[in-house]
Amino acid sequence: MKENILKQIRGSEQVMLQLLEELVNIDSGADALEGINAVAQKIGAFLAELGFTVEYLETEGAPVQLLAKKPQPGKKQVLFSGHMDTVFNKGTAAARPFRLENGRAYGPGVLDMKGGLVMALYVIKALLENGWQDTDLTVLLCGDEEMSHPLTDAVEQFKKAGAGKDAVFNLEFGRVDGSVVTGRKGTTRPTLVVEGIAAHSGNEPEKGASAILELARKTVAIHALNNFELGTTYNVGVFNGGTMANIIADKAIGEVDVRFKTIAEAEKSIADVQRIVETNYVPNTKTTVTGNVIKFMPFETTPGVQRLYEHYASQAAALGLPKPGQQYVGGASDACWPALTGAPTLCGVGPCGIGAHSDSEYIEVASLTERALLLASCIMELDKL
């Protein structure tokens, strides 16, 4: 049976590319809820034909989530997790549609992460069409990962779906060198709004209170929190304020990115930012903050994560493929949520490429099949985990 499953995957490259082209050519950014829904419907129909029970989890005015289950009571339990949205606005797919060139597939979202979605579907298809019944399979895909889930309960859904699983495979893209991801930083994105008092900077500057100066002092204080040894980083990446050079600025806005490796550092970062918000450097200014909450928890490299990686790597050797490396990366993903429940989790198991969130993103076409073979083998040999 295993050989038949692997043989079917080896022969699936063209149909994988056909489905990938369909998905990539659907706009599914934050401004295209109907496009995200169309992607969900295509994936849901694919899984329904394989005997999955499919649910579309809807929130008014927000992107849909897809939850599909193929129960096998008493068997090993696997969750495929990922997202259907991209960072690209409506019209991008028409302006820059899917194309193949020199062994690479290009298009908006082809790498992040529609390639991983297609790969997983054909792994599931090969398993089930060849009679594989030894794994309880769940698929959970959100539609708002790039937005950090502002309106849906995706975080709770990922935790619920991940709890108790023997293995969770997050379908984010693999690194161009073949590495998978075994750890990620978490993130918060606070926005500081400073209100001051406007005044003419030449005639009566003493009557003003500069929001820009207050935000500048706060920016220095925030950057002083950087702890590179612990991996906790702070960056005020956007700084806006004022209207004219001869007016004391009565408003300034700063957007901050905070990254951390541990849950303890996540909680500390929120408290530290709040302390700076409440510290007044320029009299008669007032500062408020929004978004000083955890967007993504860190995906920590637990012993369970490490064991799953070693199992994955051993299957590469069994297939005669190069051993995939493991990377700890600064970018966040939804791999963190099932991992928080204690489920062994591996991220970045999708096809390999480069250029996520850019006009030049691509996947190596050959990696679609290679990573599908590796994922299927990893699932079929879970008893060795």
Side-chain angles (χ1 to χ4, degrees), residues 26-41 43 55-67 81-92 108-109 112-114 116-117 139-162 170-172 184-193 222 233-238 240 253-260 263 266-267 269-271 273-274 277 287-299 329-341 347 356-357:
I26 299 173
D27 284 318
S28 47
D31 63 347
L33 298 188
E34 70 283 0
I36 297 170
N37 185 66
V39 171
Q41 293 291 331
I43 293 172
E55 294 180 73
Y56 299 98
L57 309 178
E58 297 181 342
T59 303
E60 186 175 356
V64 69
Q65 302 173 68
L66 183 148
L67 176 62
S81 64
H83 65 89
M84 300 173 288
D85 58 319
T86 73
V87 299
F88 301 103
N89 293 331
K90 267 185 188 178
T92 306
D112 188 12
M113 56 176 287
K114 292 179 178 180
L117 302 182
V139 178
L140 177 58
L141 308 176
C142 71
D144 58 354
E145 189 263 1
E146 301 291 2
M147 299 170 252
S148 305
H149 315 303
L151 300 174
T152 71
D153 66 346
V155 169
E156 293 308 313
Q157 292 291 343
F158 279 119
K159 290 178 182 178
K160 182 179 177 181
N170 190 277
L171 302 169
E172 292 281 2
R184 291 179 177 270
K185 287 187 177 183
T187 182
T188 68
R189 288 283 179 84
T191 296
L192 277 60
V193 177
I222 287 171
T233 59
Y234 298 77
N235 180 59
V236 180
V238 176
N240 292 316
I253 300 173
E255 297 180 26
V256 189
D257 179 88
V258 186
R259 306 275 169 158
F260 34 77
I263 295 170
E267 294 171 349
S269 75
I270 289 173
V273 168
Q274 186 61 41
V277 166
T287 303
T288 56
V289 63
T290 59
N292 192 26
V293 295
I294 296 169
K295 296 288 189 181
F296 289 93
M297 278 292 193
F299 169 36
V329 300
S333 89
D334 284 321
C336 67
W337 309 118
L340 278 176
T341 73
C347 192
H357 296 194

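Everything quoted here is computed from the prediction, not taken from an experiment.
Expressed to the nearest 0.5 Å, how far NZ of K114 lies from CD1 of I43 amounts to 8.5 Å. Taken to the nearest 0.5 Å, the CD1 atom of I253 stands 9.0 Å off from the OG1 atom of T290. Between L171 atom CG and H83 atom NE2 the span is 9.5 Å, to the nearest 0.5 Å. Atom CE of M84 and atom CD1 of I36 lie 7.0 Å apart (nearest 0.5 Å). Annotation: the span from T233 atom OG1 to R259 atom CZ amounts to 7.0 Å, rounded to 0.5 Å.
Here the side chains of E34 and K90 are in contact, with some heavy-atom distance below 4.5 Å. The shortest side-chain heavy-atom distance between V277 and L192 falls under the 4.5 Å cut-off. V155 places none of its side-chain heavy atoms less than 4.5 Å from the side chain of M297. F158 has its side chain within reach of L140: a pair of non-hydrogen atoms, C-beta onward, lies under 4.5 Å apart. When side chains are defined from C-beta on, Q157 does not count as touching W337, because their heavy atoms never get closer than 4.5 Å. Residues R184 and E172 form a side-chain contact, since some pair of their non-hydrogen atoms from C-beta on lies under 4.5 Å apart. Side-chain contact between F260 and T188: present, with at least one pair of heavy atoms (C-beta onward) separated by less than 4.5 Å.
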>> Evaluate V64 against Q41 for side chain to side chain contact (heavy atoms under 4.5 Å, CB included), listing each step before the verdict.
In response: CA-CA 10 Å; V64 69; Q41 293 291 331; over 6 Å; no
>> Go through it in stages, so that I can follow the logic: the residues are F299 and D334, the test is side chain to side chain contact (heavy atoms under 4.5 Å, CB included), and I'd like the CA-CA distance, side-chain angles, deciding distance and then a yes or no.
In response: CA-CA 8 Å; F299 169 36; D334 284 321; over 6 Å; no
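When only modelled atom types and interatomic distance are considered, T152 and D144 share a side-chain donor-acceptor pair under 3.5 Å. Side-chain N/O atoms of N37 and E58 include no donor and acceptor closer than 3.5 Å. Judged purely by distance below 3.5 Å, without hydrogens or angles, the side chains of S28 and D85 never pair a donor atom with an acceptor atom.
Minimum interatomic distance between Y234 and I222 (heavy atoms only, all atoms of both residues): CB-O, 3.6 Å.
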